[in-house]
Amino acid sequence: MSNSTKYIFVTGGVASSLGKGIIAASLAKLLQARGYSTTIQKLDPYINIDPGTLNPYEHGECYVTDDGAETDLDLGHYERFLNVSTSQANNVTTGRIYQSVINKERQGAYLGKTVQVIPHITNEIKDNIQSLSKDGEYDIVITEIGGTVGDIESLPYVEALRQMRWEFADDCIVIHLTLVPYLQAAGELKTKPTQHAVKQLLELGVQPDILCCRTEHKLDLELRKKIAQFCNVVPEAVIEAMDAPTIYDVPLMMQEEELDEIVLKRLGLSRKSQPDLTSWNSFLHNLKNPTSEITIGLVGKYVELKDSYKSINEAFIHGGTANLCKVNIEWIHSEKITKANAKEILGDLDGILVAPGFGSRGITGKINAVQYARENNVPFLGICLGMQCAVIEFARNVMGWEDAHTAEISPEAKRPVISLMEEQKTVSDMGGTMRLGQYKCELKPNSNIYEAYNTEVIKERHRHRFEFNSAYLDDFKKSGMKATGFNPDTGLVEVVEVEDHPWFVGVQFHPEYKSTVDNPHPLFTSFVKAIMNNKNK
């Protein structure tokens, strides 16, 4: 059976966290650069409906799309590499699959049949994979299957993949990412784990077409031939995936290994021209040849797992590179900052970012960090809860409202300068019920935020329940904190700035989600520039 859309599956073996998302995004970048419209989706085997209720320690950052889907952080890589927006359809979990099947069963859609993993669950998975190509928008759909082959949770996904291989024989290939470990004591690379991982896939009826081998040492031709022979692939389909200096080097490394060439050959597609990676190479050149350097403190409560702030970290790389500046991030746990030690912890920083988050843990430290930045003229950016902390700090320490707080932590606060949004007051569920996705924001001229975007209306993504309490707007304005961005439909305050400060901006939205290699986010670019200017003074 033939199909106009081609499907590429990326599976993982031996160990988790080998970088399936980066390999998938790198391949997509190469295919896109050859002129093929390409998209990527992630199939996550956990039973949560989405990562929205997951602790960042468990899962890293929860990434939000334009249409308000709370998704896996790999979708951030897809957008940053491809410069194309993803949606709800690009991230599917077992929870969503089963929820959909159960809803259909309750509605009588299966006409009284016994509902089973095969065919009902696997059909639902296949429908989700093919939903991205229904309108013919994409030539190629790359599907990354989360977890590691052998995990009990991912068995229905591998079975759905097996069925698609059978249904679309000429239009479907499998790339298996595996590990070739180096044994220091023996002084050699070991192929046995890869052989076992492929054997596990074969037991499930899936023969991989291409093997991407993560390794710390080069794979010589003999080793490649050995892997090819034991795993039923041709030697040129054994791809070396060495550790890279940055994730942005990986597309070029995969191009050198001719991964895109092999994929196109396997799918019977024309190689068109060589990939046009001019802007990518230019970005990489600037990234590796900065002319200045700054250090920014990222103040958050999940800093032990840096993936909790993945998009912020990458946005600083993009914004720094746009300014030919190397941005060093100092990861600072908000629980450790007191008024007494703030100078000691924050004194050497060129800029301070207070990160988003939820709940009371670490909020006092965030407020202390804001106070230090404001009083010592350190350029400051607050995102979501970081912006709310800036409002609380200003109310307490400039306006003298010691009882000012957020209703999230202190529902009985006498002055709830941050309060629950009107539409959130009747919500009892946690998952998928916040203000999510892209909204408009109108910017006031003669402000840092307007200068950053250089336009009157912007669209940014949100993920929050609480907001600036507009009842106090005039009081703040009189004291020197002005609102410089508003939602045109609701009047919601989106941006606050402090006057008489080198650069002090708090935003309710999440600008980090929209920063890409081709379009570094203007707010991060401006923040870095403001820090450089302030440092030079």
Side-chain angles (χ1 to χ4, degrees), residues 63-68 76 79-87 279 282-283 286 296 311-312 314-325 327 351 353 356 379-384 386-388 390-391 435-464 467-468 470 473 476-477 481-534:
Y63 188 81
V64 178
T65 57
D66 282 346
D67 65 350
E79 290 200 7
R80 285 188 283 274
F81 276 51
L82 296 181
N83 202 35
V84 173
S85 289
T86 55
S87 71
S279 67
S282 166
F283 165 80
N286 292 345
I296 295 174
S311 293
I312 293 175
E314 299 308 311
F316 272 131
I317 291 173
H318 307 152
T321 302
N323 285 293
L324 287 177
C325 178
V327 177
L353 179 141
F380 168 84
L381 176 60
I383 296 176
C384 201
M387 172 264 205
Q388 296 173 4
V391 171
R435 183 169 190 251
L436 290 162
Q438 185 167 270
Y439 291 88
K440 277 185 187 173
C441 177
E442 288 180 353
L443 306 180
K444 292 273 184 80
N446 304 316
S447 63
N448 288 319
I449 195 85
Y450 186 90
E451 206 174 285
Y453 287 90
N454 198 28
T455 185
E456 283 175 21
V457 181
I458 58 169
K459 289 178 181 175
E460 290 288 359
R461 300 176 192 178
H462 290 250
R463 186 176 184 245
H464 65 107
E467 61 165 313
F468 181 98
S470 294
L473 194 53
F476 276 93
K477 193 177 177 182
M481 178 178 267
K482 55 183 183 179
T484 55
F486 294 86
N487 180 300
D489 303 316
T490 62
L492 184 74
V493 173
E494 302 277 27
V495 189
V496 294
E497 298 187 21
V498 170
E499 295 168 336
D500 303 322
H501 189 282
W503 204 92
F504 189 107
V505 177
V507 294
Q508 184 59 74
F509 48 79
H510 287 261
E512 70 274 19
Y513 291 146
K514 292 187 84 167
S515 188
T516 71
V517 169
D518 282 339
N519 284 309
H521 196 283
L523 195 53
F524 281 87
T525 305
S526 291
F527 183 36
V528 171
K529 193 174 184 180
I531 294 169
M532 290 164 68
N533 291 340
N534 194 55

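Reckoned from all heavy atoms, side chains included, excluding hydrogens, waters and symmetry mates.
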Take V327 and F527 through the test side chain to side chain contact (heavy atoms under 4.5 Å, CB included) and record every step on the way to the result. CA-CA 11 Å; V327 177; F527 183 36; over 6 Å; no

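Residues that satisfy the side chain to side chain donor-acceptor pair (under 3.5 Å) test with S85, not counting sequence neighbours, are D66. Taking F504 as the reference, F380, H501 meet the ring-ring contact (aromatic ring centres under 6.0 Å, His included) condition, with sequence neighbours excluded.
Using a 4.0 Å cut-off between charged nitrogen and carboxylate oxygen, E494 and R435 count as a salt-bridge pair.
Relative ring orientation between Y453 and F509 is described as perpendicular, the plane-to-plane angle rising above 60° on a 0-90° scale split at 30° and 60°. Relative orientation of the Y513 and H510 rings is parallel, given thresholds of 30° and 60° on the angle between their planes.
A side-chain contact (heavy atoms from CB on, under 4.5 Å) with K529 holds for exactly one of I531, T525, N533; it is N533.
Applying the side chain to side chain donor-acceptor pair (under 3.5 Å) test to every pair with at least one member in residues 315-324, sequence neighbours left out, gives these pairs: Y248-H318, H318-S515.
A donor-acceptor pair under 3.5 Å links the side-chain atoms of E79 to the main chain of T86, judged by distance alone. Judged purely by atom type and a 3.5 angstrom limit, E497 uses its side chain to pair as donor or acceptor with the backbone of I449. No donor-acceptor pair closer than 3.5 Å links the side chain of K440 to the backbone N or O of D489.
Inspection of the D518 and T516 side chains reveals no N or O donor paired with an N or O acceptor under 3.5 Å.
Pairing each heavy atom of V493 with each of M387, the nearest pair is O-CE, 4.0 Å. Minimum heavy-atom separation, P520 to G319: CB-N, 4.3 Å.
Around CD of E456, the count of heavy atoms belonging to other residues, nucleotides or ligands within 6.0 Å does not exceed 12. Counting heavy atoms of neighbouring residues, nucleotides and ligands inside a 6.0 Å radius, atom CD of Q438 exceeds 12 of them.
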